[in-house]
Amino acid sequence: MGAPERAHWLTCALDGRDHAVVDHDPQSGAHLAACARTVWASSLASPPASRCPDCADATDTATTDRRPSTLIGRLLSLRPA
């Protein structure tokens with residue numbers, strides 16, 4: 001039995017949350033998350049978002065981050081102090 005794979009987190013363009021991707025359909029471009037949602041990738045240049053609590057539970061990952069989950073909130077958090 002091999003070691004478990006590390007979760008690959010991807011920000012969803014629809015709900016603005018980071019999801020743990022477990023499968024990818026190259027034909028449609030959709031990703032299946034650990035929470036069983038279909039994830040459509042946002043721009044990879046966008047900042048990380050808040051993690052999906054269901055994905056965090058499914059992958060035993062702590063959800064201690066406090067990042068905003070909306071696009072506007074993520075963009076505003078990039079402003080210089």
Side-chain angles (χ1 to χ4, degrees):
M1 183 187 238
E5 230 179 274
R6 186 173 165 208
H8 174 77
W9 292 86
L10 187 65
T11 304
C12 179
L14 300 177
D15 69 4
R17 290 199 173 264
D18 282 355
H19 291 274
V21 172
V22 295
D23 195 16
H24 170 70
D25 179 9
Q27 200 165 23
S28 69
H31 302 271
L32 178 65
C35 66
R37 291 188 180 134
T38 300
V39 175
W40 297 97
S42 67
S43 168
L44 296 179
S46 64
S50 296
R51 289 190 169 177
C52 167
D54 295 332
C55 284
D57 288 344
T59 59
D60 294 327
T61 307
T63 57
T64 57
D65 59 359
R66 300 272 188 240
R67 292 175 284 198
S69 63
T70 65
L71 178 60
I72 298 297
R74 288 184 280 151
L75 292 174
L76 290 175
S77 70
L78 294 177
R79 292 186 309 177

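Here the structure is a predicted model, which is why all the values come from computation and not from measurement.
Residues meeting the side-chain hydrogen bond (donor to acceptor under 3.5 Å, both in side chains) test with Asp23, sequence neighbours left out: none.
Closest approach of Trp9 and Ala56 over heavy atoms only: CH2-N, 3.8 Å. Closest approach of Asp18 to Ala49, counting heavy atoms only: OD2-O, 3.1 Å. Residues Leu10 and Val21 share a closest heavy-atom pair of CB-CG2, 3.6 Å. Across all their heavy atoms, Arg17 and Cys52 have their closest contact at CD-CA, 4.1 Å.
Under a 4.5 Å side-chain heavy-atom cut-off, the cluster of Ile, Leu, Val, Met, Phe, Trp and Tyr residues that includes Trp40 is completed by Leu14.
Each of Thr11, Val39, Asp54 was compared with His19 under the side chain to side chain contact (heavy atoms under 4.5 Å, CB included) criterion, and only Val39 meets it.
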Under 3.5 Å donor-acceptor pairs involving side-chain atoms of residues 28-37, not counting sequence neighbours:
residue: Ser28; atom: OG; partner: Asp25; partner atom: OD2; Å: 3.0
residue: Ser28; atom: OG; partner: Ala30; partner atom: N; Å: 3.2
residue: His31; atom: ND1; partner: His24; partner atom: ND1; Å: 3.1

